[in-house]
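Read the structure below first, then the notes.
Computed from a predicted structure; not experimentally measured.
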Amino acid sequence: MKKIKILTAAVCMFLCLAAAPHKVSAVPSIQGTVSNLGKVQGLKAGVCTTRSINIHWNLMTGAHGYEIYRATARNGKYTLLKAVPSTSQAFMNTTVAAGKEYFYKVRAFVATRTGRSYGKFSKILRANTKPLSLRKGRVMVNVNVRKYAGTNYARVFGLVRGTKVTILCETCDRSGAKWYRIQVKINGKKYRGYVRGDLIV
């Protein structure tokens, strides 16, 4: 009799388990594939005119589209310019001024039920529009020429007071202060860097 009860309980347990809804293993969401997108590669500047800057990058497998961001200072605030579809790997920026420098970065995204999930941003791209005409100037005092606009960036070389320079474009640091990207020839070799705007006449 005891064996019959045990057998009956086992059968009931089996039937209960069979009737209960099965717990389905979690299916990886789209967010789970974001890491596979990685970082956008190959971001480069193409043809730049006085009125436009063209940029392009490598397409990424699995991406649903790309977002393009821009800032006027390398370490400044980046704002979204546009989102483009997965088949696009180039963008023409026409909201620019002649002789100005801009910084760009791009990230891929995939669409989800609740919005977008993103890969990592590309490396920052520096690009500038062509000036209407090249300007010449000279430094007013002995100056440190920086790697980028801002005293927090590394000194790349120095110039003595009165050195003549070519101004390639105008830019700014994070605070909005004006800087110039300049070119100078020293011992027959050309060098480029950044000098604060109020130090050049």
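Ala73 approaches Phe103 most closely through the heavy-atom pair C-CD1, 3.6 Å. Looking at every heavy atom in both residues, Ile167 comes nearest to Leu134 through O-CD2, 3.8 Å. Heavy-atom minimum distance, Ala90 versus Trp57: N-CH2, 3.6 Å. For the pair Ala45 and Cys48, the tightest heavy-atom approach, listed with the atom from each and the gap, is CB-SG, 4.5 Å. Of all heavy-atom pairs spanning Arg126 and Cys169, the tightest one is NH1-SG, 4.4 Å.
Between the OG1 atom in Thr166 and the NZ atom in Lys185 there is a gap of 9.5 Å [rounded to 0.5 Å]. Here CG of Leu168 is found 11.5 Å from CZ of Arg135. Values are rounded to the nearest 0.5 Å. To the nearest 0.5 angstrom, Ile55 atom CD1 is 11.5 Å from Met92 atom CE. In this structure, CD1 on Ile182 lies 6.0 Å from CD1 on Ile200, to the nearest 0.5 angstrom. The distance from the OG atom of Ser52 to the NZ atom of Lys130 is 10.0 Å, given to the nearest 0.5 Å. Between the OG1 atom in Thr171 and the CG atom in Asn128 there is a gap of 9.0 Å [rounded to 0.5 Å].
Side-chain contact between Lys164 and Val184 is absent, with no heavy-atom pair separated by less than 4.5 Å. Counting heavy atoms from C-beta outward, Leu81 and Ile68 have side chains that approach closer than 4.5 Å. At a threshold of 4.5 Å between non-hydrogen side-chain atoms, the residues Val160 and Val141 do not count as touching. For the pair Glu170/Lys178, a side-chain contact is recorded, criterion being any heavy-atom separation below 4.5 Å from C-beta on.
A search for ring-ring contact (aromatic ring centres under 6.0 Å, His included) contacts involving Tyr69 returns Phe121, not counting sequence neighbours. Take Ser122 and apply the side chain to side chain contact (heavy atoms under 4.5 Å, CB included) test, not counting sequence neighbours, and it matches Val40, Leu43, Lys105, Val106. Shown here are the side chain to side chain contact (heavy atoms under 4.5 Å, CB included) partners of Lys123, two or more places apart in sequence or in another chain: there are none. With sequence neighbours left out, Arg51 forms a side chain to side chain contact (heavy atoms under 4.5 Å, CB included) with Thr49.
Ring geometry for Tyr148 versus Tyr194: interplanar angle of 30 to 60°, hence tilted.
Put simply, the side chain of Asn54 gets close to the backbone of Val47: a donor and an acceptor are under 3.5 Å apart. The backbone N or O of Leu132 lies less than 3.5 Å from no partner atom in the side chain of Thr50, so there is not a single donor-acceptor pair. Put simply, the side chain of Asn144 never gets that close to the backbone of Gly158: no donor and acceptor are under 3.5 Å apart. Side-chain atoms of Arg146 come within 3.5 Å of backbone atoms of Tyr153 as a donor-acceptor pair (strictly under, hydrogens ignored). Checking side-chain atoms of Arg161 against main-chain N and O of Met140 turns up a donor-acceptor pair under 3.5 Å. Distance alone, capped at 3.5 Å, is enough to place a donor-acceptor pair between the Arg174 side chain and the Asn75 backbone.
By the rule that hydrophobic residues join a cluster once side-chain heavy atoms approach within less than 4.5 Å of another member, Val145 and Ile186 end up as members of one cluster. Phe91 and Tyr78 are members of different hydrophobic clusters when ILVMFWY side chains are connected at heavy-atom separations under 4.5 Å.
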Point to revise | Evaluation steps, side chain to side chain contact (heavy atoms under 4.5 Å, CB included), between Arg74 and Ile124 | key: CA-CA 8 Å; Arg74 183 179 176 86; Ile124 295 172; 3.7 Å; yes
Practice item. Could you please spell out the steps behind the side chain to side chain contact (heavy atoms under 4.5 Å, CB included) verdict for Val96 and Thr94? Key: CA-CA 5 Å; Val96 293; Thr94 56; 5.7 Å; no
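Ion pairing of Glu67 with Arg116 is present here, as a side-chain N (NZ or NE/NH1/NH2) and a carboxylate O approach within less than 4.0 Å.
Sequence neighbours left out, the pairs with a member in residues 83-93 that pass side-chain hydrogen bond (donor to acceptor under 3.5 Å, both in side chains) are Arg70-Asn93, Asn93-Thr95, Asn93-Tyr104. The list of ring pair (Phe, Tyr, Trp, His ring centres under 6.0 Å) pairs with a residue in residues 156-192, not counting sequence neighbours, reads Phe157-Tyr191.
Both the sub-6.0 Å distance and the 45° axial angle are satisfied by Arg107 relative to the ring of Tyr118.
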